[in-house]
4 protein chains.
Amino acid sequence: VRIDLNADLGESFGAYSIGDDAALMPSITSANIACGAHAGDPTVMRRTVQLARDSGVEIGAHPGFPDLAGFGRRAMMLSPTEIEDLVLYQLAALAGIARAEGAAVHHLKAHGALYTMAAADVSVATAVARAAHGFDPSLIVFGLAGSPTLTAVRDSGLRVAAEGFADRAYAPDGALASRQLPGAVLTDPAQVLERALRMLEHRQVVATDGSVLPLEVDTICIHGDTPGAAALASSLRAGLERAGVQVRPVSA
Amino acid sequence: VRIDLNADLGESFGAYSIGDDAALMPSITSANIACGAHAGDPTVMRRTVQLARDSGVEIGAHPGFPDLAGFGRRAMMLSPTEIEDLVLYQLAALAGIARAEGAAVHHLKAHGALYTMAAADVSVATAVARAAHGFDPSLIVFGLAGSPTLTAVRDSGLRVAAEGFADRAYAPDGALASRQLPGAVLTDPAQVLERALRMLEHRQVVATDGSVLPLEVDTICIHGDTPGAAALASSLRAGLERAGVQVRPVSA
Amino acid sequence: VRIDLNADLGESFGAYSIGDDAALMPSITSANIACGAHAGDPTVMRRTVQLARDSGVEIGAHPGFPDLAGFGRRAMMLSPTEIEDLVLYQLAALAGIARAEGAAVHHLKAHGALYTMAAADVSVATAVARAAHGFDPSLIVFGLAGSPTLTAVRDSGLRVAAEGFADRAYAPDGALASRQLPGAVLTDPAQVLERALRMLEHRQVVATDGSVLPLEVDTICIHGDTPGAAALASSLRAGLERAGVQVRPVSA
Amino acid sequence: VRIDLNADLGESFGAYSIGDDAALMPSITSANIACGAHAGDPTVMRRTVQLARDSGVEIGAHPGFPDLAGFGRRAMMLSPTEIEDLVLYQLAALAGIARAEGAAVHHLKAHGALYTMAAADVSVATAVARAAHGFDPSLIVFGLAGSPTLTAVRDSGLRVAAEGFADRAYAPDGALASRQLPGAVLTDPAQVLERALRMLEHRQVVATDGSVLPLEVDTICIHGDTPGAAALASSLRAGLERAGVQVRPVSA
């Protein structure tokens, strides 16, 4: 049994700081780095790329809607062309910064509302996929495990990694429960580890109504912007390794 | 005698349109395409890249200060690191869009206040050069002909193209006269052609006080955002070719 | 029979120019001025306020989503609180500029996607109304004639003006036909006048499927951002006055 | 002896949090609230206005350059007209939010680079003053104590409050030492109190070279964005009151 652990990083902006990226790096194998639209700025991106490179962590682009005030979490009704161009722009900007630092982009994971829309709407998913494919067909696209749109991305010729969330509640239909709901974000290390192991060993997750959903995951997301995130990540990785799980990038 | 003709393009933004890029393309050999900071957006960038590619015009990045409201014409006091990262970000974004369109970035020309500051301040010029070199050491950097900072860019290992302005007045110190001053922008085709030919044949330009300045240029800029810009460009190119000048990209 | 004629103005931004506001002013009685979010900047706002004041045209706030790249035409999923605060901010900014120019804000009309959402979703309409009422309960709110949400605005204690569109096609359900559809925007002066007169004299509009919808309007919108907008506006006003319609602000 | 204590607040933005405004309120008498350009957003502004109002703290506008990425600390070369309109816009937006909350704006203090430029350049100072005067001639403008430009503001008919910094080092010419320099920001409570008392009792401050500068202050600024800011503010106020200083708003 093997798994990739990923986190969304580089989400600081100018004088504003979010997340403790340096503390999280040792626990993860893939870093999704914000690209200056929903969060991040060129200097933050560069620093985060350096950090990931020096930590031996795979670098991914983490594009989002151009809505800093909403942190990319508010849906915006863009056309597929606008989404494709916007994702291409952000992906390319990060890839160029990586190149200047002797590194390369290995995967792409959409952020926030764009991620959610891509999981539910095939036109959004294929717009994201077109951007990735046009830039580099060897990129791996991370998407919501169980989402019907993952197939569309795969059909476009890209490698796909199905993503599970060990620290987020699942609705009975397999979507993530809204962050607005109580209990949507889990913070108890034992519970998070147990959910991760159930995903890996039994290919299941328990939804908010108690029903058991099948779930096959290639990568598990660890949130970095909550207090205690680094400790939670560290304990999750240690727990997984104790249980005999190999923690490695999806491309390894 | 040979010369490159360049223009700043792709400066529309969303519903806002500036310049008639399509009309200008046949007259130029290098297109400097705005990169989404002082002007341009991902969709405009892509459309402009397609236009340049289809017209056989070399594609250049045209990065500027992140000040859409000021169109990048207002100086901003950024640190050299901030400038380097900002230019790298914009350059990489454009290069990625070009790559998705089967094209490549061939040069870089800073925009507006960033261009002016780079011509006067070696720390700004070297920050821009570091960004270009880090991304691709084969890029050609366009800079103000006669500016002392061009040497610094050349010393960083990059090829440099000295740029003259046939439609802008020169101050006695070799800087461009401020756009605020009357007569700073020339629109008479005969006068613009005469100035261009004087640059090419006599390596000179006449400054606002009548003094004659030595000026060696590899490329001449044609402004695209003034009414009649396309006709002016077309008449300049025709006039140059009639006079036996070869109009070709700097890298040709 | 009397009617107000309104137009959306002040939508230029920095170096970007949209619409010929000065040419439109003589034809209208209410100017909806963009407030710096979807379009407009402080200097454009001030110039437009001066123009309206000097033309004897009533000044209205025209707040929109904070999406300059999309010109406020792309829906954004903001919470009612975010919408209320955003509208209050924009309204207050315009009102302060008006105050510095010896003028006052008389009405409010939401822009683009915010207008459309307010017409369809009572939670959006009441968020806009709360913003207006909190700032100045004597403001008049312009909203889509026939929209069920106008009642909610009126119930909040504000005066309401029902708006019709003489140059836009109506869907059979009374909504405006999408701008993406062919024929959605009318430009023939005779047709626009005929539709306006039918609204005023028969309280009807013909929808895209030929069905006749009842429509009671207090104000008719004239678009200012299309070529020939000023001539269209002028001919509409002249035609209305020839037909005996009094063209006056809603508050007159 | 009496003094006003002011702090810059409301500088959070969307998901980004800076400063502990609630903890600072009990120690201050004037709150300078960011207005959505260099920091702050409409919802943050409203929350901060409520907090100040409920704490009995005077509300001031804290306008800055439109440079969120630089937190308004990078100089931008705007024209006096652009500065006036930008300040008017931000001031009016905050005043409207205050009005909706049953409060009013009592003073204005420019932020960051705009503050520094206004202290050194009379054209900037008078642009800020024109904005304040045009909106409300009864506003009090806070400016750097000892700055020659304060006179220009006073001459425009506005009341002025001279501001001292007990937690910032002064250059020998009376300007604030750059934040880039070591020791530019003081954090030792005893030292901050001692400097404040010296300002109030002896009308002096000791510059970085040991020279003693005359300094007459109406208000002392407390920074809110440093760790321990609230404790420092609380100990300063307590120390001042122990020494018999009356801590009251400048207008009291």
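All values derive from a computational prediction rather than experimental measurement. Below, chains carry the letters A, B, ... as their sequence lines are ordered, and counting in each starts from 1.
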Worksheet item: Between Pro42(B), Ala95(B), Ala100(B), which residue shows the highest count of heavy-atom pairs closer than 4.5 Å to chain A?
Response: Pro42(B)

Check: every donor-acceptor pair under 3.5 Å linking chain A and chain B:
unit_1	atom_1	unit_2	atom_2	d
Cys35(A)	O	Tyr89(B)	OH	2.6
Thr43(A)	OG1	Asp85(B)	OD2	2.8
Arg46(A)	NH1	Glu84(B)	OE2	3.1
Arg46(A)	NH1	Asp85(B)	OD1	2.9
Arg46(A)	NH2	Glu84(B)	OE2	3.4
Glu84(A)	OE2	Arg46(B)	NH1	3.0
Glu84(A)	OE2	Arg46(B)	NH2	3.4
Asp85(A)	OD1	Arg46(B)	NH1	2.9
Asp85(A)	OD2	Thr43(B)	OG1	2.8
Tyr89(A)	OH	Cys35(B)	O	2.6
Arg99(A)	NE	Phe135(B)	O	2.8
Arg99(A)	NH2	Phe135(B)	O	3.0
Phe135(A)	O	Arg99(B)	NE	2.8
Phe135(A)	O	Arg99(B)	NH2	3.0

Worksheet, complete the sentence: Nearest heavy-atom contact between Gly96(B) and Ala92(A) is CA-CB, 3.4 Å

